[in-house]
Amino acid sequence: MKTVVSGIRSTGNLHLGNYFGALRNFIKMQHENRCFFFIADYHSLTTHPDPALLHVNVKNVLSEYLGSGLDPEVATIYIQSDVPEVAELYLLLNMHTYVGELERTASFKEKIRKHPDNVNAGLLTYPVLMAADILLHRADYVPVGKDQEQHLEMTRRFARRFNNIYGVEYFPESMPYNFGQELVKVPGLDGSGKMGKSEGNGIFLIDSDADIRKKVMRAVTDEGPKEPNSPMSEPVQNIFTILKIVSSPDTVDYFTEKYNTCEIRYGDLKKQLAEDIIKTVAPIRERILEIRSDDAFLAKVVKDGKEKARASADKTVAEVREIMGFKPF
Ligand code: AMP
């Protein structure tokens, strides 16, 4: 069985893009691998240090992942800051990391450009903390998006460097988890681009039925096909892309046919799409709300996750210390 580690952002509500693009794969993957999913609350401090929000953000994100189907009986789900071993591994890895290579990281350069007033050392060493998160459990695989590929490449470099310096074959070269055909990109309903938190076009798992209907009915379309079998404009394609994800093949065929024969009424299409999104989202939302108000359940999930994660982390850090020459008196 392979070990998989995945970090979860600790801010922001989950939207359909997160669910169909990532989470649904995690839910499947948890049964086939030894999975660690952690909520990256230390990482959030590089840009959002807000004591009033830290805990509530973690609680919301945790509830949303559990409500969507991550199973704490199957996977290890934990809060990053509950496992202080990661801070020690981060410190140790920092000793073999060069400032130059960190300064050349694309995400760091972008952060300096966007927030020149807050270029903190945590931002610079973000890839080292990420490497520590991954190497803490000696992960074989990490499910990463395109934007994180460079960080994972750096994790492999740090692992190789550690192995070379100490003449060991200790850390694995963690590879991106390959979902094969199953990766979908969920577009936005505002005409172009993908659905995203910062794009402000998200349909969230926590949205009410009324919110979902409102957002879908506002989706951008066009003036309609002028002649049979004409190509679809991007906004209309986007609606069909989401329809294919949430609706039955019969429904997709029905509206495709209507489009091709120029009989389509976008209002009907949107109504159907909204109802089919609600079919997916409503049961998840109900579970999220139930879990979020069940403090005893959440406390147990967090406690169990912490114990399992620390057992794994403690073993790694003890072995790393020994390799590096720390010895008990
Ligand atoms: P983010 O919300 O951007 O931090 O993304 C978290 C995860 O959700 C990443 O693995 C992304 O690849 C995935 N994701 C985010 N937005 C979309 C989208 N519109 N379509 C597919 N996957 C997405």
Side-chain angles (χ1 to χ4, degrees), residues 4-30 33 35-48 57-58 60-70 75 77 80 106-107 110-111 114 126-127 129-130 133-134 139 141-152 155 174-207 212 215-216 219-220 234-235 237-246 273 277 280-281 284 288:
V4 177
V5 174
S6 181
I8 295 170
R9 221 169 9 91
S10 68
T11 50
N13 295 109
L14 292 176
H15 52 71
L16 284 185
N18 298 132
Y19 182 74
F20 288 107
L23 196 43
R24 209 174 41 156
N25 294 318
F26 291 179
I27 292 161
K28 220 184 285 170
M29 181 167 86
Q30 67 185 345
N33 301 279
C35 283
F36 292 88
F37 298 106
F38 67 93
I39 300 187
D41 56 348
Y42 279 148
H43 276 292
S44 76
L45 299 177
T46 56
T47 49
H48 309 279
N57 281 341
V58 169
N60 286 344
V61 171
L62 179 64
S63 307
E64 294 193 6
Y65 273 83
L66 294 169
S68 305
L70 277 198
I77 303 165
Q80 188 183 31
S107 59
E110 192 187 322
K111 285 269 162 52
K114 283 197 185 150
Y126 190 105
L129 182 53
M130 179 167 158
D133 287 321
I134 295 167
Y141 293 108
V142 184
V144 285
K146 275 252 163 284
D147 52 335
Q148 293 291 327
E149 265 172 9
Q150 190 184 18
H151 287 161
L152 192 56
T155 299
S174 311
M175 301 306 287
Y177 190 93
N178 185 358
F179 288 108
Q181 295 299 312
E182 294 158 56
L183 270 191
V184 293
K185 183 180 144 206
V186 180
L189 287 174
D190 47 357
S192 70
K194 70 167 201 169
M195 184 177 290
K197 187 172 62 108
S198 38
E199 285 77 1
N201 59 4
I203 294 180
F204 296 100
L205 298 180
I206 203 76
D207 279 347
I212 294 173
K215 288 181 181 179
V216 175
V220 175
E234 191 183 351
Q237 262 178 38
N238 288 349
I239 294 181
F240 273 90
T241 301
I242 302 185
L243 195 74
K244 280 182 197 143
I245 295 172
V246 296
L273 178 63
I277 290 176
T280 301
V281 170
I284 298 176
I288 293 171

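Everything numeric in this text was worked out from a predicted model, so none of it was measured. One-based numbering, in listed order, for ligands and for the atoms of each.
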Exercise. Heavy atom under 4.0 Å from ligand 1: found in K197's side chain, backbone, both, or neither?
Worked result: neither

Exercise. Given that the side chain starts at C-beta and the backbone is N, CA, C, O, which of these parts of V184 lies under 4.0 Å from ligand 1, counting heavy atoms, or is it both or neither?
Worked result: backbone

For this session: Report yes if G17 has an N/O atom closer than 3.5 Å to an N/O atom of ligand 1; otherwise report no.
Result: yes

Exercise. H15 vs F204 aromatic rings, parallel, tilted or perpendicular, using cut-offs 30° and 60°?
Worked result: perpendicular

Problem set entry | Qualifying residue for side chain to side chain contact (heavy atoms under 4.5 Å, CB included) with C35, from I77, V4, L70, V5 | V4

Exercise. When only distance counts, is R9 in polar contact with ligand 1, meaning an N/O pair under 3.5 Å?
Worked result: yes

Problem set entry | Chi angles and distances behind the side-chain contact (heavy atoms from CB on, under 4.5 Å) call for L205, N13 | CA-CA 8 Å; L205 298 180; N13 295 109; over 6 Å; no

Problem set entry | ligand 1 atoms in contact with M195 (distance to a heavy atom under 4.0 Å) | 16 (N), 17 (C), 18 (C), 19 (N)

For this session: Could you tell me whether a side-chain N or O of Q30 sits under 3.5 Å from a main-chain N or O of G69, the two making a donor and an acceptor?
Result: yes

For this session: Give yes if a backbone or side-chain nitrogen or oxygen of V186 is under 3.5 Å from a nitrogen or oxygen of ligand 1, and no if not.
Result: yes

Exercise. For atom 13 (C) of ligand 1, which of I8, N201, L23, N18 has the closest heavy atom?
Worked result: N18

Problem set entry | side-chain contact (heavy atoms from CB on, under 4.5 Å) evaluation trace for F26 with F37 | CA-CA 9 Å; F26 291 179; F37 298 106; 3.7 Å; yes

For this session: Run the numbers for me: atoms of ligand 1, each under 4.0 Å from some heavy atom of A22, listed by number.
Result: 7 (C), 8 (O), 10 (O)

Problem set entry | Heavy-atom protein neighbour under 4.0 angstrom from atom 3 (O) of ligand 1 | no

Problem set entry | I134/L152 under side-chain contact (heavy atoms from CB on, under 4.5 Å): CA gap, chis, key distance, verdict | CA-CA 9 Å; I134 295 167; L152 192 56; 3.8 Å; yes

For this session: With side-chain contact (heavy atoms from CB on, under 4.5 Å) as the test, would you mind laying out the steps for V142 and S6 before giving the verdict?
Result: CA-CA 6 Å; V142 184; S6 181; 5.6 Å; no

Exercise. Are there protein heavy-atom neighbours of atom 17 (C) of ligand 1 below 4.0 Å?
Worked result: yes

For this session: Look at ligand 1 and say whether Q148 reaches it with a heavy atom at a distance under 4.0 Å.
Result: no

Problem set entry | Residues H151 and S107: side-chain donor-acceptor under 3.5 angstrom | yes

Seminar exercise, completed: Nearest non-hydrogen protein atom to atom 12 (O) of ligand 1, with distance, is G145 CA, 4.5 Å

For this session: Using a strict cut-off of 4.0 Å, indicate which atoms of ligand 1 neighbour a heavy atom of K185.
Result: 20 (N), 21 (C)

Problem set entry | Shortest non-hydrogen separation from S174 to A139 and the atoms involved | OG-O, 2.8 Å

